[in-house]
Amino acid sequence: MSETSLSASPASLSPLRLLLLGYGHVAQTFLPLLASRSEWLASELGIRAIISGIGTRSQGYYIHPNGIDATLLARETDPKRSFIKQANRVDTAEIFIVAGKTAGASLLLELTTLNPQDGQPALTHIHSALSSGMDVVTANKGPVAFALADLQALARQHHVQFRFESTVMDGLPLFNLTQFNLQAVGMRSFRALLNTTSSLVLSLIEQGYSLEEGIRQAQKLGVAEADPWYDLDGWDAVMKTTILANTLLGGQLTPQMVEREGIRNLSLDAIHASARAGTPIRLVSQAHKIHRQVIAEVRPRPISQEDILHVGKGTTSVISLETEAMGTITLVEHEPVVIQTAYGVLSDLITVLQRRQQVT
Ligand SMILES: NC(=O)c1ccc[n+]([C@@H]2O[C@H](COP(=O)([O-])OP(=O)(O)OC[C@H]3O[C@@H](n4cnc5c(N)ncnc54)[C@H](OP(=O)(O)O)[C@@H]3O)[C@@H](O)[C@H]2O)c1
């Protein structure tokens with residue numbers, strides 16, 4: 001137990017004022033998770049989480065000048081509605097960030113929809129928040145895939161933090177592991193199964209479904225989106241592979257520089273034959289370094305029984321890292337759902353706070 005835990009009383013806790021930009025599945029799961037950890041945050045970090053703003057595209061952007069205690073807000077049947085009733089509306093996301101900062105918010109949780117074309121407008125919003133001196137945590141792959149180096153440079157310039165653990169493998173501590181525990185390990189390459197929709201659709205086809213039936217079934221299970229082709233054509237895996245290649249291998253790739261082949265053109269015969277031979281086809285992400293250059297690709301490949309990626313059954317994600325000093329390290333996330341993503345956001349928030357406390 002830390003020193004703080006012995007002395008923390010509600011009055012002595014420091015307020016941590018948060019802005020929630022985007023209030024969909026992840027944010028709605030994050031808020032009760034955050035509230036459920038209020039005692040831990042108080043005892044270990046001496047803070048009390050307060051929601052200063054909630055903004056969404058269709059319902060508008062709202063700032064509460066004093067903020068509402070996250071624990072109290074999470075108890076409401078409809079927290080967003082309750083917040084909106086008590087808060088002031090502002091016109092745009094940009095004004096939301098400025099007004100939130102004025103109201104004392106120090107951390108933006110950017111949880112809006114992915115734009116796979118260029119990461120906008122989330123990229124601009126993150127840029128504004130970092131420039132204004134706020135820390136930012138995001139689960140949104142777009143800004144990270146398109147502009148990680150710029151955003152990290154901006155964060156350094158303004159002495160704030162930018163974290164994105166949930167973008168690739170939900171809450172699995174991949175970036176935290178490599179940043180804090182595998183420093184100077186000599187990362188050589190990685191191979192991974194990162195797209196749950198394509199894994200599930202391929203395994204359903206192996207069980208006898210047609211492609212269309214497999215997609216419908218994956219949609220029924222809540223895994224595939226209404227438009228599943230962003231996943232099946234490999235774009236989701238490309239975004240994740242870009243982030244991994246740039247973060248783990250020091251690449252400077254954009255999504256367009258990752259070789260891409262989805263599963264659209266695989267014949268059912270090829271899928272069945274490969275599965276019968278004990279080498280089911282899965283959409284594999286991989287990248288390696290040659291003479292400081294990073295080469296990355298996403299492609300359907302047969303996975304043999306001996307392949308470490310073979311553990312990736314159903315919607316399970318797996319990544320295998322090849323390192324100089326630690327050999328092969330493999331991480332498996334079993335059938336992730338939205339709570340893992342929300343936990344990744346919470347874990348980033350905690351890291352931000354711990355690092356702030358180290359600095360002061
Ligand atoms: N769900 C997961 O398990 C998971 C896993 C890993 C990563 N992620 C990523 O996490 C992010 C959030 O996912 P989600 O499942 O919560 O998405 P979601 O349910 O579709 O919710 C997205 C939210 O963002 C809002 N939004 C979209 N564009 C906006 C804008 N320009 N300004 C303000 N608000 C905007 C939406 O508002 P309206 O409803 O008003 O449009 C909605 O409240 C996405 O980038 C997703 O790719 C999700």
Side-chain angles (χ1 to χ4, degrees), residues 18-31 33-34 53-59 61 80 92-94 96-97 100 105 107-132 134-152 154-155 160-176 194-197 225 227 230-231 235-247 253-256 258 285 317 336-349 351-352:
L18 304 169
L19 296 183
L20 281 171
L21 189 53
Y23 195 74
H25 295 95
V26 176
Q28 287 169 38
T29 309
F30 167 79
L31 181 60
L33 179 65
L34 175 73
I54 298 182
T56 72
R57 182 172 41 192
S58 60
Q59 297 203 16
Y61 305 94
K80 183 176 70 183
T92 64
E94 288 298 316
F96 173 76
I97 291 166
L107 177 52
L108 172 75
L109 300 168
E110 199 291 319
L111 305 172
T112 69
T113 316
L114 166 70
N115 172 353
Q117 308 306 321
D118 57 9
Q120 293 290 11
L123 179 46
T124 302
H125 300 152
I126 293 174
H127 202 281
S128 303
L130 294 172
S131 302
S132 77
M134 292 175 78
D135 296 309
V136 175
V137 169
T138 188
N140 186 344
K141 290 175 275 291
V144 189
F146 285 99
L148 175 61
D150 288 350
L151 293 173
Q152 284 178 325
L154 193 65
V160 290
Q161 300 173 64
F162 175 55
R163 305 200 67 82
F164 48 88
E165 186 67 85
S166 291
T167 51
V168 175
M169 290 181 84
D170 314 298
L172 190 123
L174 176 59
F175 300 122
N176 284 315
L194 300 171
N195 183 254
T196 48
T197 299
E225 300 288 335
D227 174 6
Y230 166 72
D231 286 314
W235 285 111
D236 172 72
V238 160
M239 303 288 278
K240 291 173 172 170
T241 305
T242 308
I243 297 172
L244 289 171
N246 292 347
T247 311
L253 304 183
T254 60
Q256 291 79 8
V258 176
S285 293
S317 300
V337 286
V338 71
I339 183 74
Q340 272 96 331
T341 308
Y343 177 72
V345 174
L346 179 66
S347 142
D348 275 345
L349 176 150
T351 305
V352 165

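All values derive from a computational prediction rather than experimental measurement.
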Quiz item: By ring pair (Phe, Tyr, Trp, His ring centres under 6.0 Å), which residues pair with F96, not counting sequence neighbours?
Solution: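 Per chain and number, F96 pairs via ring pair (Phe, Tyr, Trp, His ring centres under 6.0 Å) with Y61.
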Answer whether the closest heavy-atom distance between the side chains of [X] and [Y] falls below 4.5 Å.
X: R57; Y: T112; value: no
X: S131; Y: L154; value: yes
X: Y230; Y: L114; value: yes
X: L172; Y: Q340; value: no
X: V345; Y: V26; value: yes
X: V238; Y: T242; value: yes
X: N140; Y: L111; value: no
X: F30; Y: T341; value: no

From [X] atom [atom1] to [Y] atom [atom2], the distance as rounded to the nearest 0.5 Å:
X: H127; Y: S132; atom1: NE2; atom2: OG; value: 11.5 Å
X: T56; Y: L21; atom1: OG1; atom2: CG; value: 9.0 Å
X: L34; Y: L20; atom1: CG; atom2: CG; value: 8.5 Å
X: L33; Y: Q28; atom1: CG; atom2: CD; value: 14.0 Å
X: M169; Y: T196; atom1: CE; atom2: OG1; value: 10.5 Å
X: Q161; Y: M134; atom1: CD; atom2: CE; value: 13.0 Å

Quiz item: side-chain contact (heavy atoms from CB on, under 4.5 Å) between V136 and V352: does it pass, once the steps are laid out?
Solution: CA-CA 9 Å; V136 175; V352 165; over 6 Å; no
Quiz prompt | Check against side-chain contact (heavy atoms from CB on, under 4.5 Å), V168 and L194 | solution = CA-CA 7 Å; V168 175; L194 300 171; 4.1 Å; yes
Exercise. May I have the step-by-step check of side-chain contact (heavy atoms from CB on, under 4.5 Å) for L151 and F164, ending in yes or no?
Key: CA-CA 11 Å; L151 293 173; F164 48 88; over 6 Å; no
Practice problem: Check whether more than 12 heavy atoms from other residues, nucleotides or ligands sit under 6.0 Å from atom CD of Q120, and answer yes or no. | Solution: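 Yes, the 6.0 Å shell around CD holds more than 12 heavy atoms from other groups.
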Quiz item: If you draw a 6.0 Å radius around OH in Y23, do more than 12 non-hydrogen atoms from other residues or ligands fall strictly inside?
Solution: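 Yes, enclosed.
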Locate the shortest heavy-atom distance separating [X] from [Y]; write the atom from each residue and the value.
X: A122; Y: E110; result: CB-OE2, 3.4 Å
X: F146; Y: D118; result: CD1-C, 3.5 Å
X: L123; Y: P143; result: N-CG, 3.9 Å
X: T138; Y: T167; result: O-CG2, 4.0 Å
X: A237; Y: N195; result: CB-CB, 4.4 Å
X: M239; Y: P255; result: SD-CG, 3.9 Å

Practice problem: Please step through side-chain contact (heavy atoms from CB on, under 4.5 Å) for the pair L109 and L19, ending with a clear verdict. | Solution: CA-CA 6 Å; L109 300 168; L19 296 183; over 6 Å; no
Quiz prompt | salt bridge (charged side-chain N to carboxylate O under 4.0 Å, His left out) evaluation trace for R163 with D135 | solution = CA-CA 8 Å; R163 305 200 67 82; D135 296 309; over 6 Å; no
Quiz prompt | Sole residue of D348, I126, L108 in side-chain contact (heavy atoms from CB on, under 4.5 Å) with V137 | solution =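 Only match with V137 under side-chain contact (heavy atoms from CB on, under 4.5 Å): D348.
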Quiz item: Is there a donor-acceptor contact under 3.5 Å linking the side chains of E165 and S347?
Solution: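 The answer is no; no qualifying pair exists.
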